[in-house]
Amino acid sequence: MQKPTLPKGTRDFGPEQMRNRLFIFDTIRHTFKRFGFQPLETPSMENLSTLTGKYGNEGDQLLYKILNSGDYAAGLTELDLASGSKKLTPSIAEKGLRYDLTVPFARYVVMNRNNLPMPFKRYQMQPVWRADRPQKGRYREFYQCDADVVGTDSLLCEAEIVLMIDDVFRNLGIDYTLKVNNRKILAGIAEVIGVPGQEATLSVAIDKLDKIGRDKVQDELRERGFSDETLTKLSPLFAFSELPLDQVLVQLTTWLGASETARIGIAELQEMIQLVGQYGLADAPIEFDPTLARGLSYYTGAIFEVKARGVSIGSISGGGRYDNLTGTFGMPGLSGVGISFGVDRIYDVMEELKLFPAGVGQGTQVLLIPFDLEARSVALPLLSQLRESGVAAEVYPDLTKVKKMMDYANAKAIPYVVLIGSEEVQTGLLSVKNMVTGEQTKMTADAVLSLLTL
RNA sequence: GUGAUUGUAGCUCAGUCGGUUAGAGCGCCGGAUUGUGGUUCCGGAGGUCGCGGGUUCGAGCCCCGUCUUUCACCCCA
């Protein structure tokens, strides 16, 4: 028989990993709830018409398509087959796996527009799928934890996103840097250097600045048809890197003052920072990064990206403001802003930096070990009482060698065992062993209860 | 999608120039101990060498294909 395997880019999560993953999920959910977001889940699959065209050309290629049920090839002609996979796909696949949580959310909002309290705040923690090649920090199935608010363009929401990011990573113990930018500033740059409307091309290139350096960025732009004059006008961009935030904003205003779009973007950024300060978060590690672009084409205002310090892994969180996401579903003019936490990358970061707290998600607290049937009749009532009191407790189900049962407790890192044999049954004093220290004492069942419910 | 890289016991890995019956450590199972784990000692089980084809008297080792792992590019959480 062939050994079973997993599809490329997918993983199982064993009990140990799940304890740590649940710690991350719980931490994020805790923050989302306290900021007033409500839970939402959407199906794993959506109609392809909902998904395509939202993530750019690259994104469409990374969508997992689901073959139609039944005879998906019925009615296909030789001509269809000859026309190539791109044209063939819509006729044999009408559903796909979700690529992110934002687009399904937009679809949900549009479908339920009359019943949602506006502004509507929802959080969503579910897996998403992307058909790209796995590598470090990149999987084909991974979880995102999103919080979005739609129905308001208040910059208070941007500020609260910053607060949530700080809350989450502070609670997880991750040292992070929050990079912010604004699409309006990017658009303004494009205007000022004389290539209005081309901020997408510009972004893709300058986004790589810290990776490939200034010269190569300029080479790439030149290849894409940017003139030398344009590139000269762009040069102030490369001077921002190490300046403090307020000075950067001043210089930006000088450079981009001619563009109204840029002025608005700068003002938005300024107000957001100011509001964060009013919330009392003065020391957030925020960095303005004019090269931060982010691929998703639907962002229109603020853009966020979080990097963990001390590890080389992609961003562990990202988000931004979008003004017209619901427009493609026939509901224009609804503005929203959101943030997405990448659980799997956060896990990798915490694993690499050894940030998981030691006792996180402790499993069974105590194992009862009865030696015979009579002892079992003493163990079971105690077991129920322990569970009643909220103690995670179990009994070894087979009557077997003590060694084997102790091994089991060891393997599961259960800190206490209660040994019950004929002697314990007679005296009513149970043998309680601390598996960490090896210390063993005799006590009544009531004493066991109070020991473990402390 | 492009370019590399990996695969041998449950895990981590040896395996010489292509040569007879593929090894180690850890883990697992049993015993030393019919009421005591994590230490010790003794014994044991466990392999389609990723899969398929080819070269050869002979392949874990060489060649081709394929899958998988990891990494970079593109892009992204």
Side-chain angles (χ1 to χ4, degrees), chain A residues 1-11 14 24 28 55-63 85-86 98-102 125-146 200 203-205 207-208 211-212 216 220 292-297 304-308 312-320 338-349 367 369-372 375 396 399-425 430-440 442:
Chain A
M1 201 168 63
Q2 210 180 340
K3 283 181 187 171
T5 56
L6 284 172
K8 194 196 259 284
T10 67
R11 299 144 304 152
I24 298 173
I28 295 173
Y55 311 107
N57 281 340
E58 297 271 354
D60 283 357
Q61 291 198 320
L62 298 179
L63 281 174
S85 59
K86 272 212 174 114
R98 77 166 95 78
Y99 179 92
D100 71 359
L101 301 178
T102 309
M125 314 203 298
Q126 290 187 277
V128 303
W129 294 269
R130 295 183 190 178
D132 59 359
R133 235 189 250 200
Q135 55 180 276
K136 185 173 186 183
R138 176 176 295 188
Y139 308 98
R140 286 184 163 177
E141 177 184 62
F142 61 97
Y143 277 73
Q144 291 190 331
C145 299
D146 279 31
S203 312
V204 170
D207 189 42
K208 298 176 197 160
K211 220 172 188 175
I212 63 178
K216 292 201 169 167
E220 181 169 336
L292 173 63
R294 297 189 54 80
L296 293 178
S297 48
F304 305 101
E305 184 164 289
V306 179
K307 295 239 178 184
S312 71
I313 196 166
S315 59
I316 53 177
S317 186
I339 184 69
S340 176
F341 292 89
V343 173
D344 304 78
R345 285 190 178 173
I346 291 172
Y347 180 96
D348 290 345
V349 166
L367 175 72
I369 298 183
F371 295 161
D372 51 40
Y396 196 89
L399 297 174
T400 180
K401 290 180 182 161
V402 176
K403 173 176 162 53
K404 189 158 185 176
M405 300 194 269
M406 301 283 278
D407 278 339
Y408 177 78
N410 246 3
K412 285 186 75 170
I414 298 171
Y416 288 97
V417 298
V418 177
L419 300 152
I420 309 171
S422 53
E423 193 186 316
E424 284 80 1
V425 172
L430 312 180
S431 298
V432 177
K433 182 158 190 169
N434 180 322
M435 295 297 278
V436 181
T437 62
E439 188 185 1
Q440 185 167 326
K442 294 211 163 188

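Just so it is clear: chains get the letters A, B, ... in the order the sequence lines come, proteins before strands, and each one is counted from 1.
Picking from B:G37, B:G35, B:C75 the nucleotide with the shortest atom distance to the side chain of A:Asn410 gives B:G37. Of the candidates B:C74, B:G35, B:G37, the closest approach to any side-chain atom of A:Met406 belongs to B:G37. Closest to the side chain of A:Val402, out of B:G30, B:C76, B:G35, is B:G35.
Between the CG atom of A:Asp407 and the C1' atom of B:G37 there is a distance of 6 Å, given to the nearest Å. Distance, A:Arg133 CZ to B:U5 P: 13 Å, rounded to whole Å. As rounded to whole Å, 11 Å separates atom P of B:C76 from atom CG of A:Leu292. What separates CD of A:Gln126 from C1' of B:A77 is a distance of 16 Å, to the nearest Å. Between A:Tyr396 atom OH and B:G37 atom C1' the separation is 13 Å, expressed in whole Å. The CG-C1' distance, from A:Leu367 to B:G38, rounds to 15 Å in whole Å. The nearest whole Å value for the distance from the CZ atom in A:Phe371 to the P atom in B:G37 is 11 Å.
Taking atom C1' in both B:C41 and B:U33, the straight-line distance is 13 Å, to the nearest Å. Taking the P atom of each, B:G53 and B:A59 are spaced 14 Å apart, rounded to whole Å. The separation of B:G18 from B:U56, taken at their C1' atoms, amounts to 9 Å, rounded to a whole angstrom. For the C1' atoms, the distance linking B:G7 with B:C49 amounts to 9 Å, nearest Å. Here the separation of B:C61 from B:U20, taken at their P atoms, is 13 Å to the nearest Å.
Nucleotide B:G23 has B:C13 as its partner under the Watson-Crick or G-U criteria, with both atom distances under 3.5 Å.
Across the interface with RNA chain B, nearest-nucleotide mapping of A:Lys401 and A:Gln440 shows A:Lys401 to be the residue nearer the 5′ end.
Of the possible polar contacts, one joining the A:Asp344 side chain to the A:Tyr143 backbone as a donor-acceptor pair under 3.5 Å is found. Judged purely by atom type and a 3.5 angstrom limit, A:Gln61 has no side-chain atom pairing as donor or acceptor with the backbone of A:Glu58.
Taking each heavy atom of A:Ala375 and A:Val425 in turn, the nearest pair found is CA-CG2, 3.7 Å. Of all the heavy atoms in A:Ser315 and A:Arg345, the pair that sits closest is O-NH1, 3.0 Å.
Side chain A:Lys8 to base B:U68: no donor-acceptor pair is found below 3.5 Å.
Crowding of A:Lys442 atom NZ: a count of heavy atoms from other residues, nucleotides or ligands under 6.0 Å exceeding 12.
A distance cut-off of 5.5 Å between ring centres, combined with a plane angle under 30°, places A:Phe142 in a stacking arrangement with the base of B:A77.
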